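Right, one structure below, let's go through it.
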Amino acid sequence: MSEHVPAVDPRRGWAFDALVTLGGVVVAIIGFALWVSAPMTMHPQAVVAALLVVVMTQFPLVLPQRAGDAAIGFEASALVFMVLMTSTGEALSLWFVAQLITQLLDHRPPRVRLFNFGITNLSAGALAGVIVLGMSVRRDTIGELSVTLAACAAYFLVDLIVTGMSLAIEAGEPPFSGLRWTGVPLPLLCFVGIDTLGYLGAVLERHLAAWTLLLLLVPVGTILVAVRSINAVRTSHERLSQLFAAAATAPDWGDAAGTEARLLEEVSRVLRRTTARILERPAIGAEISAPLEVRGHPVRHVVAWRARATEKFDSDDVRTLETLVGIAAAAINRRRLADEMTHLARHDPLTGLANRTVFTDRLDHALELRRDAGPAKQVAILYCDLDGFKSVNDRRGHESGDLLLAIVAGRIQSCLRPGDTAARLGGDEFAVLLEQVTTGGAEQVAERMLDQIALPLKIDGSEVRVTASIGIAYVSDEQRAVDLMRHADTAMYRIKAAGKNGYELFHPIMQADSMSRLRLEDALRVAVQDKVFTVAYQPIVDLATGELSSFEALARWEHPELGVIAPDRFIPIAERLGLIGEIGLHMLEEAYVGGQALQSRLGRPLGLAVNVSPLQITDPKLVRWVQSCVARHPQIGLTLELTEMSRLGDDDATVRALDGLVAAGAVVAADDFGTGYSSISYLHRLPVTTVKIDRSFTKDLTVGRSLPVVKGVVAMARAMDLTVVAEGIEDGATSAELRDMGVRFGQGYYFSRPMSLDDALEWVAVRDSATVRRYAVAGA
Ligand code: C2E
Ligand code: CA
Ligand code: CA
C-alpha cells in the first residue's frame, strides 16, 4: 500500500532499503509456504479482492513528510477481507501477486519499486500476524472487530515507521527524526476506519448472499474519488505556495545566468520528476514549453520533459511553467534595466566620460587613500571650462555644440595617463582627477590640455577654435571632496576674470572661505536654536490634467548679515554638525502648518512632500512625529523625499526604519533619482513607491542628451510599479515630452517657483478657477 518518492540523494540508505525489500520477500515466501502446505484453496471472492488491491493502490492519500512524501493507500481493506474469509496463506499469496503486478505497472525507478514491494509485504505480514494471534476470539463478536482494528493499526504503523526511517536516512538525518507523531492520529483513524470495510465485507459474505458484496463498491468508490480530490487540492495548494515563494525570491536569484539556472531548478522542483532546459526551440512531442522573453535577446524556450512517456503533463503544469518562466523573465529584465541605468547614470552619454557622480566617488576614494598613504601621495583636480562655447552653441546650433564637446572630451582624455579620471560635469564644464602627481605635475597637464583644446577643429566644414580656462587645486590636509572642487572652481573663475585661456592654481587667499565657514557654522547653530528656517512651497502637478497634486516643502534660511543661504549650502553643514535632525523636525512641523492652510483653501485632499536626510531616518522622533501628523491631518497625504539614496544603506536598520515610516502613514520617495547609481540596485528591497527624476536629467531633455536615462527610469518605474515625478521642468516642451513618456507628475519653474505660504495660497485660489483649465487644455 505504500510508496515513497525519493526527494533527496537516492544513493544514501540503499542498505536500509535493501533490508526492507528482503523482509518483504521473506514475508511473501512464508505466505506462499503456508498456502501450499495446507490443502491449497483459491476463492473467487479473494481473487476479485486481489484485483481491487491493484486498483486501490493507484489512489493513495499523500501525506507530506519532511524529507519527501509518504503515500498511504487503502488497499489493506481488501487484505483484511481476504485474511478473514480465506486462509492466511492464500491471502498473503494473493496479496503478494497483486503487489507484484502493481509494481510492474509502476514507472518509478527500480529501487523505489523494490522498496515499495518490500514495505507492503512487511506491513501485510504485520496485519496477518495480529489476526493470527487473535484467532482464539469468537467469530462475529466485538472481540473479532477489535482484533481487526488492531491488525489495521499494525499495518499502518509498520508502513509509517519504515517509510519515515527510509526518508530520514536518505536525507542524511537520524533514522527516527523523520517521524512526525503529531500528524499521525488522524490519518491512522481514517486508515483503520476505512480498512474495516474489509471486515464488513467478511461479515456480509458469511451471512448474506454473495451479491451483497457488490454493495461495498459504493463506499469504496466514494472513498477513492474523495481521496483523489483531496490530493488534487493539496497539490495545487502546494504549487501556489511554491510559486509565491519563487516570485518573492526571484529578485535575489542573481544575474541573468544565475536566474536562468535557478529557474530550471524551480521548474524541476515544482513540476516534480521533470527535467528542464533552455532551448532555441519550443516543445515537441510530449514536452511542454514556455517562451523566455528577455529584452534584446531572441526568444528562447524553457522546455520541460519527463523520462517516462506515461507521466503526462496537464494544463495546470503548463500554466505553472509559464508562470515560473514569467517570474524569471521579469527578474532578468528588471536587472538588465538596472544595469543599463547604472551605466547611464555613471557616464555622460554625449562624451562617454565619467559624470559628476563617478567623479566625486573617485575623488572621495583618492582622498581616502591619501589619508592612509600620507602626504607623499599628491592628489590634484583640474576644473576646466570652455571659453566662448555658448556662442558656438547659439550660432551653429546644439548639434554642432554637442560635436564640439565630444571632440574636446577626446582631446582632454589624450592628455591623461591611465590612472587619471576625466569627467564632464555638465554643460561645457570638465574636471580631471590626478591621483598620482608630483608638485608642478598638474600645471603641466593643464598646459597640455590648453594646447590640445586650442587646436583648430572642423565642424560642418568650417574651422572653429575654442580655448579653455582651468583652475587647479592640490589637496592639502584633511580636505573633503566638496572643498577641493570648490577651490578648483574658485581658481577657474579667477582665470576667467583675468582674461581666459589659461590656468590658475588655487591659493587660500583666493577665498576667505575657511573663515566664513566657521562663521556659517556658528550662525547655523543659532538658527537651529531660534528655529528661523521657513518653508517655501513648490507645486507638483499632474502632467496629463494640469491639476495640482501636492506641494514640496523646501527649507529657506535668511541670515540678517549673510543674506539668503541656499539649502544646498547649509544642509550639508547641518548634517556634518548633527543638526539635521532638528531642522528636519522643524520643517515637518512648519510644512504641516502651511499644508493644512493650503489644503483647506483647495477644498480637497492634498499631497505634501517633505525632504528628509538619510541621516535622519533612524531617529525614533521622526516616526513619532510622522505618526501624529498623519493622524491629525487625514486630508494631507505625506511623502518623505529621501535625498541621496546612495548614502542610504540597505541594512536591516534602514529597512526597518523605512518600514516604520510607511507604517506610520507616509509614502517614501527616492529624490534625485538617477544620480546615485547604487540606489537603483537595491530599490526593490526598500519600501520606496515614488521616484523623483533629478532636475539635471530634466534640464536638457529636449536637446536629447538625457533622454535615454529618463526613458530608462520610466520603464523601470513601470516594471516596479513606482510613481514617477519629474522635477526641474522649465518649459512647456519638456513638460509635454515627459507627459508623453508616461511620467505622471511634474514640478518646476514652468509651473511655479517655490513660494512663500501667502503666495502659495493665492496661487491655489487663482489656479483652481482659471488656470487649471488653461493647463488642462495645454496638456490635452
Ligand atoms: P531637491 O529636493 O531636489 O529640491 C528641488 C530643488 O530644485 C529646489 O532647490 C527647487 O527650488 C529647485 N527647483 C525647482 N524647480 C526648478 C526648476 O524648474 N529649475 C531649476 N533649476 N531648479 C528648480 P532648493 O530649494 O535650493 O533645494 C535644494 C536642495 O536642498 C533640495 O533639492 C534638497 O535636496 C535640499 N533641501 C531643501 N530643503 C530641505 C529640507 O528641509 N531638508 C533636507 N534634508 N534637505 C532639503
Ligand atoms: Ca526634494
Ligand atoms: Ca531632486
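If you're wondering where the values come from, they're calculated on a predicted model, not measured in any experiment. Order of listing sets the numbers, starting from 1, for every ligand and every atom in it.
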Exercise. Given side chains that start at C-beta, do those of L520 and R569 come closer than 4.5 Å, heavy atoms only?
Worked result: yes
Exercise. Are any of the heavy atoms in G728 under 4.0 Å away from ligand 1?
Worked result: yes
Exercise. Between T467 and I453, is any pair of side-chain heavy atoms under 4.5 Å apart?
Worked result: no
Exercise. Quick one: is the NZ or CZ of R356 closer than 6.0 Å to the six-membered ring centre of F359, and within 45° of its axis?
Worked result: no
For this session: Please could you name the atoms of ligand 1 that E730 approaches to less than 4.0 Å, counting only its heavy atoms?
Result: 17 (C), 18 (O), 19 (N), 20 (C), 21 (N)
Problem set entry | Non-hydrogen atom of E552 closer than 4.0 Å to ligand 1 | yes
For this session: Please check if the side chain of H559 supplies one atom and the backbone of E561 the other of a donor-acceptor pair under 3.5 Å.
Result: yes
Exercise. So is there a nitrogen or oxygen of N611 less than 3.5 Å from a nitrogen or oxygen in ligand 1?
Worked result: yes
Exercise. side-chain hydrogen bond (donor to acceptor under 3.5 Å, both in side chains) between D694 and S696: does it pass, once the steps are laid out?
Worked result: CA-CA 5 Å; D694 189 60; S696 60; 2.6 Å; yes
For this session: Scan side-chain atoms only and decide if S549 and D542 contain a donor-acceptor pair under the 3.5 Å cut-off.
Result: no
Exercise. Which N, O or S atom name in E641 marks its closest approach to the Ca ion (ligand 2)?
Worked result: OE1
Exercise. Quick one: which ligand 1 atoms are inside 4.0 Å of a heavy atom on S613?
Worked result: 44 (N)
Exercise. Do E590 and F533 touch side chain to side chain, with heavy atoms closer than 4.5 Å?
Worked result: no
Problem set entry | Polar side-chain atom of R424 near backbone of G427 as donor-acceptor pair, under 3.5 Å | yes
Problem set entry | Sub-3.5 Å N/O-N/O distance, Q616 and ligand 1 | no
Exercise. Which atoms from ligand 1 have a heavy atom of P754 less than 4.0 Å away?
Worked result: 11 (O)
For this session: Record the part of E727 in heavy-atom contact with ligand 1 below 4.0 Å; permitted values are side chain, backbone, both and neither.
Result: side chain
Problem set entry | Geometry at the Ca ion (ligand 2) - D671 OD2 versus E552 OE2 angle, rounded to 10 degrees | 170°
For this session: Measure the distances from the heavy atoms of M587 to every atom of ligand 1 and state whether one is below 4.0 angstrom.
Result: yes
Seminar exercise, completed: Which of V535, L638, V612 passes side chain to side chain contact (heavy atoms under 4.5 Å, CB included) with L588? Answer is L638
Seminar exercise, completed: Heavy-atom proximity to atom 18 (O) of ligand 1 ranks first, among Y749, F751, F570, F533, for Y749
For this session: Give yes if a backbone or side-chain nitrogen or oxygen of Y750 is under 3.5 Å from a nitrogen or oxygen of ligand 1, and no if not.
Result: no
Exercise. Name the one of V630, L608, L598 that satisfies side chain to side chain contact (heavy atoms under 4.5 Å, CB included) with I636?
Worked result: L608
Problem set entry | R556 touching ligand 1 at heavy-atom level, < 4.0 angstrom | yes
Exercise. Counting from 1, what ligand 1 atoms have a heavy atom of D568 closer than 4.0 Å?
Worked result: 28 (C), 29 (C), 30 (O)
Exercise. Which ligand 1 atoms does I729 reach within 4.0 Å, using its non-hydrogen atoms?
Worked result: 18 (O)
For this session: Please confirm whether G748 comes within less than 3.5 Å of ligand 1 when only nitrogen or oxygen atoms on both sides are compared.
Result: no
